[in-house]
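What follows is one structure encoded as structure tokens, with my remarks underneath.
Below, read A as the first sequence line, B as the second, and so on, with proteins coming before strands; counting in each chain starts at 1.
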Protein chains: 2
Amino acid sequence: MLDWEQLAEYHKALGDKTRLRILSLLRTEDLCVCELVELLKMTQPAVSQHMRKLKNAKLVKERRQGKWVFYSLDGSMFPFFQEFLKTLPDTSKEIEELKANGLKVVCD
Amino acid sequence: MLDWEQLAEYHKALGDKTRLRILSLLRTEDLCVCELVELLKMTQPAVSQHMRKLKNAKLVKERRQGKWVFYSLDGSMFPFFQEFLKTLPDTSKEIEELKANGLKVVCD
DNA sequence: ATAAAATATAAAGATATGCTTATATTATAA
DNA sequence: TTATAATATAAGCATATCTTTATATTTTAT
């Protein structure tokens with residue numbers, strides 16, 4: 001079961017606007033770090049460190065695909081996480097725009 | 001609707017073990033500050049400051065009763081809050097013990 | 001084998017957080 | 001009205017967090 005530590009870490013991970021935006025974006029589709037850098041207009045190390053926090057809190061999973069690392073939503077440990085995701089502001093247009101600008105990564 | 005700011009504030013408020021314990025305790029019954037001081041073994045200002053954070057995040061409500069201020073659960077803005085509360089470790093025995101020690105406040 | 005691209009890690013600085021001590025409010029009781 | 005109890009606020013300090021710059025790692029392409 002969940003203990004105090006895990007529950008606090010979960011909420012700390014979500015206590016940041018940038019990470020909330022990242023999770024909202026991942027609802028639309030899996031994204032790699034360089035795509036998130038474009039979407040968030042942040043430096044690459046900043047994004048990587050946010051992803052580490054989300055990963056440590058078990059909210060995202062990573063998979064290596066060629067030279068890219070793609071992140072996807074997880075959160076299966078937290079029964080309220082799915083409900084929470086639904087309440088996030090919609091960011092799907094930002095991903096449409098990314099594609100329109102030809103910045104979506106194509107693997108092989 | 002909820003915006004990024006409110007959602008981040010909500011999660012920041014829950015990103016602390018002490019505040020998680022407080023919310024778990026409030027599931028059993030409303031409590032005043034001096035009772036929480038006893039239960040948490042913390043100084044009164046420390047508790048008051050935690051309650052302010054929870055109040056600002058709209059997770060608790062306060063009501064004055066004589067010289068005491070009682071706090072109760074709220075969180076009605078956040079549809080996932082009720083589900084989350086269910087996952088907190090049980091603390092009801094701590095309140096039983098408080099009563100056994102004669103430290104429950106009686107108003108009037 | 002080397003170079004380039006994507007990502008991760010580390011160090012450093014600025015801001016935020018949580019606790020303590022001291023002081024101010026507010027409400028009851030004497 | 002003065003004293004006391006409960007709570008809140010403020011200042012100060014230690015620790016944590018977030019961002020940046022610099023560097024390391026990993027994978028692919030040449």
Original post:
In terms of the nearest nucleotide of DNA chain D, which residue is placed more toward the 5' end: B:Gln44 or A:Arg64?
Top reply: B:Gln44

Original post:
Can you check whether A:Leu14 reaches A:Phe84 side chain to side chain, under 4.5 Å on heavy atoms?
Top reply: yes

Original post:
Looking at B:Arg52 and B:Glu62, does any basic side-chain N land under 4.0 Å from a carboxylate oxygen?
Top reply: no

When you compare the protein's N or O atoms with those of nucleotides 18-21 of chain C, which come within less than 3.5 Å of each other, and at what distance?
unit_1, atom_1, unit_2, atom_2, d
C:dG18, OP1, B:Asp16, OD2, 3.3
C:dG18, OP1, B:Arg19, NH2, 2.9
C:dG18, OP2, B:Arg19, NH1, 3.4
C:dG18, OP2, B:Lys53, NZ, 2.9
C:dC19, OP2, B:His50, NE2, 2.4
C:dT20, OP2, B:Thr43, OG1, 3.1
C:dT20, O4, B:Gln49, NE2, 3.3

**OP:** In whole angstrom, give the distance that lies between atom CD of B:Glu5 and atom P of C:dA16.
**Re:** 12 Å

Original post:
Considering only heavy atoms from C-beta outward, does the side chain of B:Pro79 approach that of A:Thr87 to under 4.5 Å?
Top reply: yes

Original post:
Is A:Glu83 paired with A:Lys86 through a side-chain N to carboxylate O contact shorter than 4.0 Å?
Top reply: yes

Subject >> Distance in angstrom units between B:Ile22 CD1 and D:dT7 P, rounded >> reply: 13 Å

Subject >> N-O pairing of B:Asp16 and A:Lys12 below 4.0 Å >> reply: no

Original post:
Rounded to the nearest Å, what distance is computed from the CD atom of residue A:Glu35 to the C1' atom of nucleotide C:dT7?
Top reply: 13 Å

Original post:
Rounded to the nearest Å, what distance is computed from the NZ atom of residue B:Lys17 to the C1' atom of nucleotide D:dT15?
Top reply: 14 Å

**OP:** For B:Leu31 and D:dT7, give me the distance from atom CG to atom C1', rounded to whole Å.
**Re:** 15 Å

**OP:** Send over the distance from A:Leu40 CG to C:dT7 P, rounded to a whole Å.
**Re:** 13 Å

Subject >> Under 4.0 angstrom between B:Tyr71 side-chain N/O and D:dA8 OP1 or OP2 >> reply: yes

Original post:
Should B:Arg52 be listed as having a side-chain N or O under 4.0 Å from OP1 or OP2 of D:dA8?
Top reply: no

Original post:
Would you call A:Glu9 and A:Lys58 a salt bridge, using N to O less than 4.0 angstrom?
Top reply: no

Subject >> Spacing of B:Lys67 atom NZ relative to D:dA3 atom P, expressed in whole Å >> reply: 17 Å

Original post:
In whole angstrom, what separates A:Gln65's CD from D:dT28's C1'?
Top reply: 14 Å

Original post:
Between the side chains of B:Arg27 and B:Ser24, is a donor N or O closer than 3.5 angstrom to an acceptor N or O?
Top reply: yes

